[in-house]
Amino acid sequence: MLDLTDFGPNPHVPDYGHFGAMTVCWAKGVAGTGPRRRTVLATPQFDWVTSVLQAWHSPGGRDQFATAARSNAL
């Protein structure tokens with residue numbers, strides 16, 4: 001359930017661009033509560049993910065999927 005709007009920059013790692021941090025909207029909350037929003041930062045071990053997301057979000061990347069124009073979902 002990730003959308004492009006769930007990503008944002010991490011000021012400590014400008015090389016990752018707009019994909020340095022991700023907001024998880026439906027994370028598990030404390031017992032007896034509903035879902036809780038959390039921010040997850042990109043780590044150097046998964047730096048390859050940022051280049052994949054940048055390529056997918058670039059012009060022509062989403063054009064490979066017929067339904068991409070109707071939704072921001074990944």
Side-chain angles (χ1 to χ4, degrees):
M1 295 176 56
L2 289 176
D3 293 335
L4 290 175
T5 57
D6 292 332
F7 291 95
N10 180 353
H12 300 287
V13 190
D15 294 341
Y16 293 165
H18 184 71
F19 301 104
M22 176 183 65
T23 303
V24 180
C25 298
W26 300 100
K28 183 179 177 183
V30 182
T33 65
R36 180 178 149 186
R37 295 177 74 93
R38 297 177 189 203
T39 300
V40 179
L41 301 175
T43 62
Q45 291 84 359
F46 294 102
D47 61 347
W48 59 271
V49 172
T50 58
S51 61
V52 170
L53 288 170
Q54 288 170 350
W56 187 81
H57 188 57
S58 67
R62 289 179 54 104
D63 295 341
Q64 299 175 27
F65 304 96
T67 59
R70 294 183 293 189
S71 172
N72 280 333
L74 293 181

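Everything numeric in this text was worked out from a predicted model, so none of it was measured.
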Mind checking side chain to side chain donor-acceptor pair (under 3.5 Å) for Thr5 and listing every partner two or more places apart, or none if nothing turns up? none
Determine whether Met22 and Val13 fall in the same hydrophobic cluster, where Ile, Leu, Val, Met, Phe, Trp and Tyr are linked whenever their side-chain heavy atoms lie under 4.5 Å apart. no
Give a yes or no on whether Phe19 and Val40 share a hydrophobic cluster (residues Ile, Leu, Val, Met, Phe, Trp, Tyr; joining criterion: side-chain heavy atoms under 4.5 Å apart).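 Cluster IDs for Phe19 and Val40 match.
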Would you be so kind as to tabulate the donor-acceptor pairs closer than 3.5 Å made by side chains of residues 45-55, with sequence neighbours excluded?
from, atom 1, to, atom 2, distance (Å)
Gln45, OE1, Thr43, OG1, 3.3
Thr50, OG1, Asp47, O, 2.7
Ser51, OG, Trp48, O, 2.8
Gln54, NE2, Tyr16, O, 3.4

Taking all non-hydrogen atoms of both residues into account, name the closest pair between Leu41 and Ala21 and its distance.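 Smallest interatomic distance, heavy atoms only, reads CD2-CB, 3.8 Å.
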